[in-house]
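When reading the values below, keep in mind they use all heavy atoms of this one structure, side chains included, and skip hydrogens, waters and symmetry mates. Letters go in sequence order (proteins before strands), and every chain restarts at 1. Everything numeric here is computed off the predicted structure, so don't read it as measured data.
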There are 2 protein chains.
Amino acid sequence: MDTPDFLLQKLTELNSGVSAVLLEDFARAMPLKKFRKGETIAPAGKVASEVFFVEKGCVRMLYYLESKEVTASFFFEGGFTGPCISMMFKTINQQVFEAFEDCHIRTLNFDTYMSLLRQQPCFYQLRSTIAESIMADQELIIRFFLSFTPMERYQYLIKNQPQLFMRVPQHHIASMIGITPVSLSRIRKRIAC
Amino acid sequence: MDTPDFLLQKLTELNSGVSAVLLEDFARAMPLKKFRKGETIAPAGKVASEVFFVEKGCVRMLYYLESKEVTASFFFEGGFTGPCISMMFKTINQQVFEAFEDCHIRTLNFDTYMSLLRQQPCFYQLRSTIAESIMADQELIIRFFLSFTPMERYQYLIKNQPQLFMRVPQHHIASMIGITPVSLSRIRKRIAC
DNA sequence: AGTATTTCTTAACTTTTGTTAATGAAAAGC
DNA sequence: GCTTTTCATTAACAAAAGTTAAGAAATACT
């Protein structure tokens, strides 16, 4: 019913060096929560207390700025995400996470996390591995903005994140690329002709 | 003469939870290397074997793209940096690091790092802390690109990284912002009037 | 000190993006 | 099934950025 098999599989794939038995303990410490489409999984404005694993559904991460919102990214089945910075550094969270579809989310609570690390210091290996893999993803995104034009960014996403186009409307993709929906529409026309 | 006092201070400030004695061992494992202005500290195109601490001078990080180069960032005294992703995941390095001024760099070699972690597993705490602090920096940069216009990015840098403007020519700052030097010049004019 | 190089600015022109508004198509809600 | 809302496209115009080139100012080098 509520077995964390999928999470365990993804934890294993990280190759953190932590034993299978311990990874099971870790996975079991992440209870399942369900969210309806549109619900907020983590709000901005306060210190976050938990991070997530997407078991089913799709999560949108966005920033609010002067009453406007900017979509930063989407996370699908198998993804680790959440307001890590707010939770780890106890800062006010700026990253809003919302269920973009009906979602099954496994959550890792800060206190649970700390107690796991205290009991079993080799979970620090897992922590390093997760942080470093997020770091690698972010480095790609930064390079994406620094060295690609909006058109190249769009083509990059088509090639590298095709699932995005099956599940997310175009105006959110425009936002991720850093342009308006109207501009993306024009870019698509330029490519087609 | 060659004591790693400054590095030790910065390691301590990370508040990783690792004891002062062990941090000293860690700092001593990072030998000092000197680079002349313009020299390459880490090249692209091969798997990186070490990461850095800037003890003196200024390091530029850049990407090559179709014979063009894009400046991504600068690191000054007290900064941890280097081709972490290449070193940790054994991938071909894309991030070029060069001495932008004459530099004193302390280097952490991959094998040394691994042996420190093996001997003293609590260095994993340090590893997590460093990875998470880089993650926080990168998250800011992504937000910087997603939600600011070029002019707002320029104003953000003036406010938050004034040392940049004392030590780095403007065309490199334009590159970091994601625009051409000509455009930055126009933005400066718009702000002045 | 004098020359060469780098850096910044400005101009003119092209290309791209933002903005606003209107239209039609598709999807969601009841 | 019908209405409402969301979404993508297009047009027209304004604003901003890219490109190329030229010139001035600052810097580096010998």
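Judged by distance alone, the side chain of Arg127(B) and the main-chain N or O of Ser128(A) form no donor-acceptor pair under 3.5 Å. Checking side-chain atoms of Ser147(A) against main-chain N and O of Arg143(A) turns up a donor-acceptor pair under 3.5 Å.
A salt bridge does not link Lys34(B) to Glu55(B): none of the charged side-chain nitrogens sits closer than 4.0 Å to a carboxylate oxygen. The pair Glu39(A)-Lys33(A) does not count as a salt bridge, with every side-chain nitrogen at least 4.0 angstrom from each carboxylate oxygen.
In this entry the distance linking CZ of Phe165(B) with C1' of dC8(C) reads 14 Å, nearest Å. One interatomic measurement links the two molecules: OH of Tyr154(A) to C1' of dT16(C), which rounds to 17 Å at whole-angstrom precision. Residue Arg153(A) contributes atom CZ, which lies 14 Å from atom P of dT16(C) at whole-angstrom precision. Between Glu152(A) atom CD and dT17(C) atom P the separation is 11 Å, expressed in whole Å. Whole-Å rounding puts the Ile177(B) CD1 to dC8(C) C1' distance at 15 Å.
Contacts classified as side-chain hydrogen bond (donor to acceptor under 3.5 Å, both in side chains) and involving residues 77-91 of chain A (residues at least two apart or in different chains) are given here: Glu77(A)-Arg167(A).
For Phe52(A) and Phe80(A), the ring centers sit 6.0 Å or farther from each other.
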Nucleotide by nucleotide, nucleotides 8-20 of chain D touches protein heavy atoms under 4.0 Å in the pattern (B base, S sugar-phosphate only, - none) SBBBB---SBBBB
